[in-house]
Every structure is written in C-alpha cells, then in structure tokens.
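Take a look at the structure below.
One-based numbering along the sequence shown. Only heavy atoms go into these numbers, but all of them, side chains included; no hydrogens, no water, no symmetry mates.
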Amino acid sequence: MASIKDKLLTGLVGPVIISHRYGKTYIRSKPNRVKNPRTPGQVNQRGKFKAATQFVSRNLNELIRPYWNPEARRNAMSGQNLFCKLNTHAFDSEGYSDITRLKLTTGNLGEVNNLRLEMINDMIIRFIWINNSRDKKTNDENEFKLFGMNLDLVVKELPCNAIRKHESFVLDLKKNTFSYLFCFFWNPQLQLASNSEWIDCT
C-alpha cells in the first residue's frame with residue numbers, strides 16, 4: 001500500500017514499489033515471491049547481522065553519525081549500512097563480538113603508525129606512535145581520537161587533545177575503566193578517518 005510523505009508517493013503501487021533515497025526516486029517491480037530460507041547458515045547470518053545493527057543502535061550519536069556517516073556518504077551509503085557491511089563478520093549470532101575483527105572506524109587517512117603502549121604505573125598508560133604525515137589528508141594536525149568500550153559494547157569517546165605530530169598521549173585509567181580501548185586519527189576539515197587500532201584492557 002502506498003503512502004504520501006513529504007509530498008512524495010512511496011510504497012507499493014500496483015505491481016511496482018516506489019522508494020526515495022538521497023534525493024533520488026527508485027521504482028522496481030514487486031517480487032512474485034519472497035524467499036525466506038531457514039537453513040542453519042542463513043539463520044546464523046541473520047543473527048550476526050542483527051547483532052551488528054544492535055551495536056549501531058547503541059552507538060549512533062557517539063560513533064556512527066560523526067565518524068561513519070561522512071565516509072558512507074562518499075560511497076552513497078548510510079553510516080549504519082557501511083558499518084554492517086564491514087563488521088557483520090565480527091559478531092556471532094548470539095550478539096558477541098570478536099574484538100580482533102571489529103572496525104570501529106574506516107577510511108584512507110594514514111593510520112596510527114607503529115602504535116605501542118608504555119605503562120607509567122598501574123593506572124596510567126602512554127600511547128606512543130610514529131608521525132607518518134605525508135600529504136594534505138595525512139598531516140601533522142590530524143586529531144588523535146580515543147574511545148573506550150565495555151563488554152556491553154557501548155562506546156564512549158574520551159577527552160583527548162593530542163594530534164599526530166605529538167607522537168604520544170597519556171591516559172589515566174583511574175578515571176576511565178573500560179574493557180577495550182580504540183584509537184584512530186581524524187581529519188576534521190575533510191571528515192576523514194584512519195582505520196582503528198584496539199587495545200585489550202582486561
């Protein structure tokens with residue numbers, strides 16, 4: 001059944017389906033039959049996809065909208081769809097994630113080069129990297145971004161004033177108790193990220 005939203009006709013009209021995305025109108029034929037296979041593999045894949053979309057829902061404002069949407073727009077996608085495309089394989093059908101396979105960000109900005117940690121004491125750590133700035137996108141002023149994530153898979157951006165050329169950042173774990181930490185570089189002018197790196201704090 002069709003409906004009118006924002007003066008646009010959308011939905012099922014006879015044998016065709018009308019939809020709108022990013023300012024464009026799409027018309028496609030209504031399928032004769034909708035396949036709904038229930039093989040173990042299909043059920044498992046659906047469970048993984050559901051877990052990925054639930055992760056997105058928990059982290060829309062903190063992660064998806066500011067850091068995934070800009071990259072997704074370059075690929076004519078939504079941030080949610082791009083995240084699920086690259087991360088569904090990192091979840092299992094029960095909703096648990098394989099942190100080693102999870103991409104918290106994606107992009108072709110120069111990565112956090114040769115990342116290592118140095119323990120200053122039991123509760124304070126220093127992140128150390130090598131400045132590999134080389135062009136307009138990957139430059140000295142790229143912001144160092146740091147996120148914490150607990151076992152409930154909710155992420156939180158941590159205050160951080162470091163940039164690429166500083167080559168280090170000190171974090172006080174007494175104020176920040178997380179199971180995992182993720183970091184990446186961000187170019188705010190181009191809204192471009194590097195791939196994320198992760199650290200196990202358990």
| field | Identified side-chain contact (heavy atoms from CB on, under 4.5 Å) partner of L158 from the options F178, F169, F147 | value | F178
| request: Begin from the C-alpha positions of K48 and N44 and carry the test side chain to side chain contact (heavy atoms under 4.5 Å, CB included) through to its verdict. | output: CA-CA 6 Å; K48 293 167 67 172; N44 181 59; 3.6 Å; yes
| query | Out of F55, F49, Y67, which one pairs with F83 under the ring-ring contact (aromatic ring centres under 6.0 Å, His included) rule? | reply |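 Looking at F55, F49, Y67, the match for F83 under the ring-ring contact (aromatic ring centres under 6.0 Å, His included) is F55.
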Would [X] and [Y] show up in the same hydrophobic cluster when neighbours are defined by side-chain heavy atoms closer than 4.5 Å?
X	Y	result
W68	I99	yes
V170	L181	no
I64	L86	yes
F91	Y96	no

| query | Once you round to the nearest 0.5 Å, how far does CG of N59 lie from CD of E157? | reply |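 Output value for this atom pair is 12.0 Å.
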| Value rounded to 0.5 Å, distance of CD in Q45 from OG1 in T39 |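 Reported to 0.5 Å precision, the distance equals 10.0 Å.
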| message | Using side chain to side chain contact (heavy atoms under 4.5 Å, CB included), reason through R73 and Q191 one step at a time and then give a plain yes or no. | response | CA-CA 11 Å; R73 281 193 291 269; Q191 291 197 301; 4.1 Å; yes
[X] versus [Y]: any side-chain heavy-atom pair under 4.5 Å?
X	Y	value
V154	M149	no
C84	V56	yes
V112	F185	yes

| field | side chain to side chain contact (heavy atoms under 4.5 Å, CB included) evaluation trace for M77 with K85 | value | CA-CA 10 Å; M77 300 174 70; K85 177 181 178 181; 4.1 Å; yes
| task | Before giving the answer on side chain to side chain contact (heavy atoms under 4.5 Å, CB included), spell out for Q54 and K50 the whole-Å C-alpha distance, their side-chain angles and the decisive distance to 0.1 Å. | result | CA-CA 6 Å; Q54 287 174 338; K50 179 181 178 182; 3.3 Å; yes
| task | Output, in order, the C-alpha distance, side-chain angles, deciding distance and verdict of side chain to side chain donor-acceptor pair (under 3.5 Å) for R65 and N61. | result | CA-CA 6 Å; R65 286 178 176 145; N61 293 327; 2.4 Å; yes
| Yes or no on salt bridge (charged side-chain N to carboxylate O under 4.0 Å, His left out) for E62 and K156, after CA distance, side-chain angles and deciding distance? | CA-CA 7 Å; E62 195 81 354; K156 180 180 179 184; over 6 Å; no
Under 3.5 Å, side-chain donor or acceptor atoms of residues 113-124 against the rest of the protein: list the pairs with distances, not counting sequence neighbours.
residue, atom, partner, partner atom, Å
E118, OE2, R126, NH1, 2.4
N121, OD1, M123, N, 2.8
N121, OD1, I124, N, 3.0

| Where L153 and S97 come nearest, the two heavy atoms and their spacing |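 Closest approach of L153 to S97: CD2-OG, 3.5 Å.
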| Shortest non-hydrogen contact from A193 toward T105 | CB-CB, 4.3 Å
Sequence neighbours excluded and cut-off under 3.5 Å, please list the side-chain donor-acceptor pairs for residues 127-135, or say none.
residue, atom, partner, partner atom, Å
W129, NE1, R164, O, 2.9
N131, OD1, S133, N, 3.0
N131, OD1, S133, OG, 3.0
N131, ND2, D140, OD1, 2.9
N132, OD1, R164, NH1, 2.5
S133, OG, D140, OD1, 2.7
R134, NH1, N132, O, 3.3
D135, OD1, K137, N, 3.0
D135, OD1, T138, N, 2.7

